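In this text the structure is predicted, and so the values were computed from the model without any measurement.
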Amino acid sequence: MNQNKLFNRTRSQLAISYAAVMGLILSLLGFGVYKAIAHAHWIAIDRELESVAGTLHDSLEIKLQQPGRLEPIVNELLDRHILSAINQSYYYIRLFDSSGKLIATAGAYPETLPPTFNSQHWQTIADSKGNIYHQISVSLHTNTLEDWGYFQVGRSLQDFNSYLSTVRLILKLGLPTALILVVFSSWWLAGLAMKPIYSSYRQIQQFTADAAHELRTPLAASQATVESALLMPQLDEKEAREILQTVDRQNRRLTQLVTDLLLLARMDSQVKSVSEALEEDRPQLCCLNDLVGDLVEELAALARSSQVALTSEIRVQHPLNVVGDADRLYRLVTNLIVNAIQYTPPGGKVTVILDCTHQEAIIQVQDTGIGIAAADLGRIFDRFYRVNKSRSRHTGGSGLGLAIARAIARAHRGSLSARSELGCGSTFVLRLPL
């Protein structure tokens with residue numbers, strides 16, 4: 001596949017498209033994760049401030065006696081008891097009177113903060129150095145429910161920003177690394193996805209070349225016959241008949257080849273397989289006992305002309321019925337027996353065996369012929385593949401018989417296999433579900 005520019009270009013396009021989609025998904029996912037983490041920490045900070053502000057509010061109001069006046073006990077309370085539970089490095093407290101004048105501070109109060117009062121409940125502010133703080137403002141009353149003023153509880157967001165910076169750094173390093181892995185994975189997956197397509201493409205190329213070669217032979221023979229006849233000044237009746245017989249023979253060969261190709265094309269398309277057709281219509285039963293018996297009887301003349309003994313061996317005592325197309329099954333077994341006869345030398349023997357298991361019917365076609373080499377055994381079911389090309393052409397074979405036989409077997413949810421040894425004969429085994 002690496003030598004084909006079209007498939008390499010397609011593979012690259014698939015890999016780039018996949019990597020782009022995955023990159024977009026990972027980027028959106030990373031952005032969403034970052035936003036979720038930031039939101040969760042922001043909510044946690046708000047809750048902390050609300051908790052601290054609530055505790056201080058309840059503790060301060062019972063100590064305040066006059067509006068705008070800060071009793072000594074309040075300072076002691078802020079310094080010793082309440083703020084001891086607060087992280088001093090982050091939290092601060094500011095107290096304002098009713099007019100908005102800053103009265104007192106406590107905790108880690110940053111002097112660079114503006115002293116102006118803002119009564120907004122939640123505020124995020126910055127000092128003169130650019131440090132960010134988040135604070136909450138709560139109104140205060142005396143123990144007699146008079147308006148005293150306000151107090152604010154705030155904290156530095158330095159730790160929060162540092163944490164988010166770490167998260168951003170991890171995402172900035174992690175996303176490119178993930179994208180690099182995605183790019184390599186995309187290239188590898190695109191290669192895996194293209195392999196069966198490329199294999200099919202190569203098979204189509206090979207099939208087209210073989211079909212063109214097979215069609216060219218009878219066409220060339222017919223053309224040569226016709227051209228030679230046209231060169232003759234006159235033809236007598238015998239010569240004309242011989243020419244017509246030659247053309248007829250080549251036309252028959254062409255017709256059979258085209259018929260076989262159409263059959264394979266219909267079975268490959270799987271628009272309506274045999275099994276699907278039988279499910280829609282009434283099931284058709286085919287008796288394999290009758291099929292084997294009829295074929296052995298019909299092909300006995302062909303076997304005698306080739307000086308080959310053709311016999312059958314029925315190893316079951318009851319009829320074996322399978323659901324399927326009797327005509328196609330007939331052709332399947334015919335191809336196997338005819339092949340066995342053609343590749344068995346004079347004096348040899350061909351035996352058709354019918355047997356079964358609990359779930360399958362088994363038809364074996366054994367011969368004592370020339371056998372098949374191990375290198376060829378894996379390809380004998382390929383279209384137009386012939387082990388002995390000169391012998392196949394002499395017998396009129398096109399190399400489609402075994403391909404058709406396997407296609408018919410698969411259409412009936414069965415299997416066709418072969419075992420052979422060079423010079424010791426071959427055995428083809430057909431298995432069909434009962």
Side-chain angles (χ1 to χ4, degrees), residues 203 207 211 214 252-300 302-303 310 312 314 316 319-342 350 352-357 359-367 380-386 392 395-418 426-434:
Q203 288 179 357
F207 176 78
E214 293 296 332
R252 288 178 183 274
R253 183 178 177 185
L254 274 174
T255 301
Q256 184 61 46
L257 181 59
V258 171
T259 301
D260 291 344
L261 289 174
L262 288 175
L263 175 61
L264 283 171
R266 285 197 300 269
M267 299 185 77
D268 283 345
S269 65
Q270 296 181 351
V271 174
K272 190 175 182 181
S273 66
V274 174
S275 57
E276 292 172 343
L278 292 175
E279 289 175 359
E280 293 178 6
D281 303 327
R282 187 174 60 184
Q284 302 177 17
L285 291 180
C286 177
C287 180
L288 297 182
N289 305 63
D290 296 341
L291 185 145
V292 170
D294 292 344
L295 283 177
V296 170
E297 183 178 346
E298 291 176 13
L299 297 174
L302 176 64
L310 176 61
S312 62
I314 309 299
V316 292
L320 291 181
N321 294 314
V322 296
V323 177
D325 188 321
D327 293 335
R328 290 190 176 181
L329 290 175
Y330 184 92
R331 179 169 185 179
L332 190 164
V333 182
T334 300
N335 286 354
L336 297 180
I337 297 176
V338 170
N339 270 3
I341 294 173
Q342 290 177 348
V350 174
V352 183
I353 302 172
L354 178 62
D355 202 352
C356 72
T357 63
Q359 298 177 342
E360 293 178 323
I362 302 174
I363 296 179
Q364 299 183 58
V365 179
Q366 297 179 348
D367 64 64
I380 57 174
F381 294 104
D382 294 348
R383 298 169 188 182
F384 297 113
Y385 185 79
R386 289 181 288 238
S392 297
T395 58
S398 63
L400 293 176
L402 290 178
I404 292 174
R406 171 166 279 188
I408 294 173
R410 288 177 174 173
H412 287 77
R413 300 193 181 100
S415 64
L416 180 61
S417 59
S426 305
T427 300
F428 287 82
V429 181
L430 170 65
R431 298 177 181 272
L432 296 170
L434 289 172

_For Val323 and Leu285: C-alpha separation, side-chain torsions, deciding distance, then whether side chain to side chain contact (heavy atoms under 4.5 Å, CB included) applies._
CA-CA 5 Å; Val323 177; Leu285 291 180; 3.9 Å; yes
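Within the model, atoms CD1 of Ile404 and CZ of Arg331 stand 4.0 Å from one another, a figure rounded to the nearest 0.5 Å. A distance of 4.5 Å separates CG in Leu288 from CD1 in Ile363, rounded to the nearest 0.5 Å. Interatomic distance, CG of Asp355 versus CZ of Arg431, reported as 9.5 Å (0.5 Å rounding). Atom SG of Cys356 is separated from atom CG of Leu432 by 12.0 Å, given to the nearest 0.5 angstrom. The line from CD of Gln364 to CG of Leu430 is 10.0 Å long, rounded to the nearest 0.5 Å. Summarising the geometry, atom CG belonging to Leu302 is positioned 4.5 Å from atom CD1 belonging to Ile341; distances are rounded to the nearest 0.5 Å.
Legend: residues meeting side chain to side chain contact (heavy atoms under 4.5 Å, CB included) with Asn289, ordered by chain and number and at least two apart, are Cys287, Ile314, Val316, Pro319, Leu320, Leu354. With sequence neighbours left out, Arg410 forms a side chain to side chain donor-acceptor pair (under 3.5 Å) with no residue at all.
Between Leu336 and Leu402 there is a side-chain heavy-atom pair separated by less than 4.5 Å. For the pair Ile362 and Ile353, the minimum side-chain heavy-atom distance is 4.5 Å or more. Taking the side chain as every heavy atom from C-beta outward, Asn339 and Phe428 never approach each other to under 4.5 Å. Side-chain atoms of Val352 and Leu295, non-hydrogen and from C-beta on, never get closer than 4.5 Å to each other. Side-chain contact between Val322 and Leu329 is present, with heavy atoms from C-beta onward closer than 4.5 Å. Side-chain contact between His412 and Asp325 is present, with heavy atoms from C-beta onward closer than 4.5 Å.
Closest heavy-atom contact between Ala405 and Asn335: N-ND2, 4.5 Å. In this structure, Ser417 and Arg406 approach most closely via the heavy-atom pair CA-NH2, 4.5 Å. Of all heavy-atom pairs spanning Ala409 and Leu332, the tightest one is N-CD1, 3.6 Å.
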